[in-house]
Amino acid sequence: MERRTIGAGGLAVGAVGLGCMPMSWAYTASRRRGEESVRAVHRALDLGSDLLDTADMYGPFTNELLLGRVLRQRRRDAFVATKVGLLVGEQHIVANGRPGYVRRACDASLRRLQTDVIDLYQLHRPDPEVPVEETWGAMADLVRAGKVRALGLCALGARGGRRSGAGLYDATLRRLQRIQQVFPVSAVQAELSVWSPEALQALLPWCEARGVGFLAAMPLGNGFLTGTLTPGEGFEPDDVRARHPRFTAEMMAANQPIVVGLRRIARRHGEGVTPAQVALAWVLAQGRHVIALPGTKRERWAAENAGAAGLRLTARDLAEVARLPAAQGSWD
C-alpha cells in the first residue's frame with residue numbers, strides 16, 4: 001500500500017487506515033463480535049492498513065483492550081493512534097484535560113493496548129476549564145518520557161456549525177496555533193468525505209502548509225456512501241445514526257443521487273470497484289498528507305477499504321464528484 005507521512009518526524013503509515021470505533025462504540029451493538037473484529041484488524045494489517053485509530057472512551061476502554069489482543073502478537077506491524085480527554089458517564093460525556101489525568105490516562109491506555117509506546121496520542125476534545133496549553137504540555141511531557149511518539153488534535157464535533165458552513169473550523173485553527181507554540185502538532189483528525197467536504201476550505205490547507213498529517217474521519221459518511229444502507233430500514237436505538245437528521249428515511253432518499261454518482265464512477269473502473277472505494281479514493285486525492293480512516297468491524301469491509309488505496313481517480317472522475325449535489329439535511 002502507498003505510504004504517507006505524518007508530521008515533521010516523517011512517521012509513515014498506509015494511505016488507508018482502520019477506524020476501530022465501530023467494533024465497540026456508537027454503532028449497532030447487536031452486530032458486534034469480538035472475534036470478527038480481531039480478524040478485521042489482522043486483515044487490515046496484512047494489507048498495509050497499519051494506522052489503527054482508537055480511543056480510551058470507546059467502550060469505554062473495551063476498544064483498546066480488543067486492539068491489545070492483536071498488538072500483543074503484531075506490535076511491529078501497527079501504527080497505534082489513541083485519544084485522551086473525554087470521560088464517559090451513565091448518560092453523558094465530559095472533557096478532562098487536567099495534566100494529572102492525562103498522565104494517568106496514558107499509562108492506562110498503554111496497559112490496555114499491551115504496548116510500551118503510543119505512536120500518535122490525540123487530544124479528543126479540549127477541556128473548557130483547562131487552558132489547552134496545559135493539556136498539550138502534559139501530552140508533550142509524555143513524548144519526552146518515551147511513552148508517546150507524536151501528538152495529534154481531533155477537530156470533530158463541529159457539526160452544529162453546518163447551518164452556515166462558514167468558519168466551521170475557526171476555533172480549531174486558533175487552538176492549533178496556540179498548541180503549536182508548545183509542542184509540534186503531527187496530525188489533525190477531522191471529518192472529510194464526499195458529502196462533508198468542509199475541511200477543504202481552511203483546515204486541510206493549514207495542515208498541508210505545515211506538513212501536518214490530516215486523518216480523514218468518517219470518509220464513508222457513517223456508512224451512507226457505501227451504498228449498502230436502505231432508506232427507511234432504520235437503526236437500532238444505540239446507533240448514533242438513529243439520531244442524525246441525515247439518516248432519516250426522507251433525507252437518505254433525498255441524498256441517493258450522491259451514491260448513484262459514486263456507483264457510476266465505480267463502474268467505469270471495472271468490475272468489483274465499489275462506491276465506497278471511489279469515496280475513499282476521492283478523500284486520498286485531496287492531498288498527499290491525507291490518510292483515510294474508514295471504520296469497520298468486519299474483515300470483508302476492511303479488505304475492500306484497503307483496496308481503495310490503489311484506485312486512482314481521473315480528472316473526469318474528480319470533476320464528476322464535484323458536480324454531485326450537495327448533501328441535504330443538517331447535522332444539528
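This one's a predicted model, so the numbers in the text were calculated from it and none came from an experiment. When reading the values below, keep in mind they use all heavy atoms of this one structure, side chains included, and skip hydrogens, waters and symmetry mates. Positions are given from 1 along the sequence.
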Does a salt bridge link Glu36 with Arg300, judged by any charged N lying under 4.0 Å from a carboxylate O? no
Just checking, any donor-acceptor pair under 3.5 angstrom between side chains of Asp56 and His124? no
Begin from the C-alpha positions of Lys83 and Asp53 and carry the test side chain to side chain contact (heavy atoms under 4.5 Å, CB included) through to its verdict. CA-CA 8 Å; Lys83 308 178 189 74; Asp53 184 69; 2.7 Å; yes
Side chains of Thr54 and Glu64, donor plus acceptor under 3.5 Å: no
Please step through salt bridge (Lys or Arg N to Asp or Glu O under 4.0 Å) for the pair Glu129 and Arg98, ending with a clear verdict. CA-CA 9 Å; Glu129 298 183 1; Arg98 295 179 176 85; 3.7 Å; yes
So do the side chains of Leu71 and Val80 get within less than 4.5 Å of each other, counting heavy atoms only? yes
Would a 4.5 Å heavy-atom cut-off, applied to side chains only, mark Val102 and Leu142 as touching? yes
Which residue is it: Val132, Ile179, Leu151, Val185? I am looking for the one with a side chain to side chain contact (heavy atoms under 4.5 Å, CB included) to Leu123. Val132
Please determine, by modelled atom types, if Arg74 and His42 share a side-chain donor-acceptor pair under 3.5 angstrom. yes
Would you say Arg316 has more than 12 foreign heavy atoms packed within less than 6.0 Å of its CZ? no
For Asp238 and Tyr27, test the side chains for any donor-to-acceptor distance below 3.5 angstrom and give the result as yes or no. no
If you draw a 6.0 Å radius around CD in Glu250, do more than 12 non-hydrogen atoms from other residues or ligands fall strictly inside? no
Arg3/Asp50 salt bridge by N-O under 4.0 Å criterion: yes
For Asp107 and Arg112: C-alpha separation, side-chain torsions, deciding distance, then whether salt bridge (Lys or Arg N to Asp or Glu O under 4.0 Å) applies. CA-CA 9 Å; Asp107 288 341; Arg112 288 188 291 267; over 6 Å; no
Does Arg75 pair with Asp119 as a salt bridge, N-O distance under 4.0 Å? yes
If we count only N and O atoms by modelled type, under 3.5 Å, do the side chains of Gln189 and Gln122 hold a donor and an acceptor together? yes
Keeping Arg175 on the side-chain end and Leu153 on the backbone end, is there a donor-acceptor pair under 3.5 Å? no
Looking only at atom types and distance, does a side-chain atom of Asn63 sit under 3.5 Å from a main-chain N or O of Tyr58, one as donor and one as acceptor? no
Would you say the side chain of Arg267 lies within less than 4.5 Å of the side chain of Val273, judging by non-hydrogen atoms? no
Side chains of Ile6 and Leu215: closer than 4.5 Å at any heavy-atom pair? yes
In the structure I gave you, are the side-chain heavy atoms of Ser49 and Asn305 within less than 4.5 Å of one another anywhere? no
Who are the salt bridge (Lys or Arg N to Asp or Glu O under 4.0 Å) partners of Arg43, not counting sequence neighbours? none
Using side-chain heavy atoms (C-beta onward) and a distance below 4.5 Å, is Leu176 in contact with Leu203? yes
Test Arg268 against Glu320 for salt bridge (Lys or Arg N to Asp or Glu O under 4.0 Å), laying out the working first. CA-CA 12 Å; Arg268 288 206 296 267; Glu320 194 164 326; 3.0 Å; yes
State yes or no: are the ring centers of Trp195 and Phe247 separated by less than 6.0 Å? yes
CZ/Arg144: more than 12 non-hydrogen atoms of other groups inside 6.0 Å: yes
Regarding Glu208 and Arg288, does a basic nitrogen lie under 4.0 Å from an acidic carboxylate oxygen? no
